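Note sheet for the following structure.
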Amino acid sequence: MTPGRPGPVRQGTDRPVRRSAVVGAGVAGLQTALVLRRLDPHHEVLLLCKAALAESNTRYAQGGIAAVVPRRSGDRPAGTAGDPAGDPAEDSVEAHIADTLAAGAGLADPHAVAVLCRGAADGVRALERAGVVFDTGDTGNSGDSSARASLARGREAAHSAARILHIGGDATGAGLVAALVAAVRADEGIRVLEDTLVTRVLLDGPPGSTRGGAPRATGVEALSGGRKRQIEADAVVLATGGAGQLFEHTTNPVISTGDGVALAWRAGAVVADLEFFQFHPTSLDVPGNPLISEAVRGEGARLVDDTGRAFMTDHHPDGDLAPRDVVARAIASRLAPRLTSQLTDRTTGRGPRVRLDATALGAAFLARRFPSLTALTARHGLDWSADPVPVVPAAHYWMGGVRTDTEGRTSVPGLFAVGEVACTGVHGANRLASNSLLEGVVFGTRCAQAITAGGGAVPRFDAEALELDADGTPTQSFRRRDLQVLMSDHAGILRTQDGLDLARKHLASYHPGTDPEEANLLLCARLLVHAAADRERSSGAHFREDRAQAAPGHPVPSRSYVRATRGATP
Ligand code: SIN
């Protein structure tokens with residue numbers, strides 16, 4: 001801060017912002033931390049991660065980061081159709097916006113989408129400045145970082161152009177994390193607390209109270225080495241990622257337990273779009289369900305049934321590159337006899353299979369373009385250049401989350417959320433492939449800008465007060481596996497009213513217990529099921545088998561919820 005000049009002040013006060021606690025170290029958290037420091041070298045950043053710094057959902061991202069960027073470094077970004085700065089014959093920012101809105105099934109927020117897609121070229125440049133090296137050349141993975149080399153661009157489902165930038169062929173997340181973690185480690189102003197679970201957002205008043213203004217976040221309570229401690233901060237940024245552990249099959253790591261949504265809910269923040277959970281169509285059907293990137297279908301691989309017949313054109317004119325929710329449903333309906341059967345059959349794998357046939361791409365291309373997947377399939381004794389490999393849809397990304405504006409501000413002063421945990425509305429009912437890394441970069445940057453500028457006005461979101469305790473009284477303990485099976489059977493890809501009612505009843509009977517992560521999962525499950533039961537018609541990733549047809553016209557806007565608090569001044 002320049003001596004003698006007043007610095008930015010905290011939201012609603014005249015005190016300067018000095019210290020932020022960033023919770024979570026995926027691309028959104030890392031980017032937020034780095035930009036906070038770049039904008040204000042005096043700003044202290046505490047980066048809290050519940051595992052090791054490099055472990056996050058981001059690390060497992062393969063396909064890439066969607067971005068319309070110039071063909072060569074130094075060019076201006078592609079602009080709107082008709083804008084000479086762009087290259088409309090090949091791609092444009094407007095086309096990226098249109099694809100994102102279409103994927104969102106009429107529920108994506110056009111302002112947030114424009115912010116995301118227009119911020120992509122700058123975001124990519126910022127990543128490159130931070131040390132990220134994208135693949136160059138036609139098929140990628142050449143590692144040529146020369147300033148004039150063209151970035152390689154992959155294609156993924158529901159994109160009207162090849163615009164997916166990648167790293168190491170199919171190791172984009174790992175490449176991003178390596179570069180950003182190195183930058184974080186090199187910055188003495190960022191204190192990293194690993195193996196530290198945040199258990200509470202500290203507030204200066206009771207959550208939900210409106211007496212004397214809404215309470216503001218003043219720091220976090222954190223658990224490390226069996227001890228809890230309180231850490232003060234002027235701004236708390238949730239960047240905790242998603243909640244794939246809600247379901248039996250997930251591409252997310254074991255730490256994806258919905259912590260940020262649970263923390264924000266208990267702090268009285270508004271949440272939204274919780275019924276929309278994206279299942280990736282193709283995880284390898286082996287324990288742990290590692291992702292098989294959509295980029296493989298983008299290069300020409302096909303989904304086939306037990307007879308070897310490619311079936312996706314039965315479901316959508318775009319076939320294997322249909323929107324992600326359509327492909328996931330098509331596979332799930334074929335696998336239904338096995339996925340919802342008795343647990344022994346689920347685990348022994350008896351029943352129908354769907355396979356991904358990449359054999360036509362050839363061994364040399366597969367090894368060059370998808371080196372990590374070639375190694376992964378080989379580790380499981382599979383040669384994907386010779387035989388189709390078994391796949392199953394897996395919980396991948398939660399479109400819903402903590403409601404924020406496009407600067408990451410939540411409804412609680414001093415509390416911000418960025419990346420998957422946040423719901424800016426940018427994804428609507430279904431996220432477009434490879435928009436999630438972009439989301440972390442663009443909104444992480446904007447959040448850091450807002451914090452260093454003093455926070456800004458707290459947004460107001462309309463929300464329904466929800467009293468979850470009204471659902472019933474907890475009578476039994478539960479294991480994570482019980483919850484995952486219940487959620488997969490009744491609140492996963494295919495849903496019915498009866499199934500959701502049953503799930504709601506069971507979840508209400510589960511006691512949260514003493515493990516904070518299990519308690520967070522249970523809370524997220526209850527919120528998701530509540531929101532899903534409230535949306536009677538199918539939309540995007542929320543599919544009601546009993547009322548499959550989307551209502552004509554614009555879909556019903558999503559509901560937002562806030563925790564009902566007794567005694568709060570209305
Ligand atoms: C993939 O590589 O298929 C995942 C990309 C994404 O989740 O957007």
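All ligand and atom numbering here is 1-based and tracks the order in the structure. Note that the structure is predicted; figures quoted are calculated from it, not measured.
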- Are the side chain of Glu294 and the backbone of Ala157 linked by a donor-acceptor contact shorter than 3.5 Å?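 Answer holds: yes.
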- Give a yes or no on whether the backbone of Val556 and the side-chain of Arg535 come within a donor-acceptor separation of less than 3.5 Å.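 Checked: pair present.
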- Item | Worked check of side-chain contact (heavy atoms from CB on, under 4.5 Å) between Arg324 and Tyr397 | CA-CA 11 Å; Arg324 202 170 265 189; Tyr397 182 93; 5.8 Å; no
- If you measure from each heavy atom of His280 to ligand 1, is any distance below 4.0 Å?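 Right, His280 reaches ligand 1.
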- Message: So, 4.0 Å and heavy atoms of Arg324: is ligand 1 close enough to count as a contact?
- Response: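 Checking ligand 1 against Arg324, which is what was asked, there is a heavy-atom contact under 4.0 Å.
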- Task: Show your working on side-chain contact (heavy atoms from CB on, under 4.5 Å) between Val296 and Arg369 and close with a plain yes or no.
- Result: CA-CA 9 Å; Val296 181; Arg369 174 71 175 87; over 6 Å; no
Checking the N or O distance criterion of under 3.5 Å, is ligand 1 in contact with [X]?
| X | value |
| --- | --- |
| Ala295 | no |
| Gln62 | no |
| Asn435 | no |

- Message: Looking only at protein heavy atoms, which one is nearest to atom 8 (O) of ligand 1, and what is the separation?
- Response: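 Protein heavy atom at minimum distance: Ser434 N, 2.5 Å.
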- Query: Which protein heavy atom lies closest to atom 7 (O) of ligand 1, and at what distance to 0.1 Å?
  - Reply: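 Result for atom 7 (O) of ligand 1: His396 NE2, 2.6 Å.
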- Query: Roughly how far apart are Ser436 OG and Arg431 CZ, rounded to 0.5 Å?
  - Reply: 3.5 Å
Output the list of atoms in ligand 1 that are nearer than 4.0 Å to some heavy atom of [X], sorted by atom number.
| X | answer |
| --- | --- |
| Ala433 | 8 (O) |
| Glu294 | 1 (C), 2 (O), 3 (O) |
| Gly63 | 1 (C), 2 (O) |
| Arg431 | 6 (C), 7 (O), 8 (O) |

- For the residue pair His96 and His159, categorise the inter-ring angle as parallel (less than 30°), tilted (30 to 60°) or perpendicular (more than 60°). tilted
- Message: Quiz question: by atom type and distance under 3.5 Å, do the side chains of Gln245 and Thr250 form a donor-acceptor pair?
- Response: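 Note: Gln245 and Thr250 side chains miss the donor-acceptor criterion.
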- Message: As a test of understanding, state which of Thr58, Thr172, Val132 forms a side chain to side chain contact (heavy atoms under 4.5 Å, CB included) with Val177.
- Response: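 Among Thr58, Thr172, Val132, the one meeting side chain to side chain contact (heavy atoms under 4.5 Å, CB included) with Val177 is Thr58.
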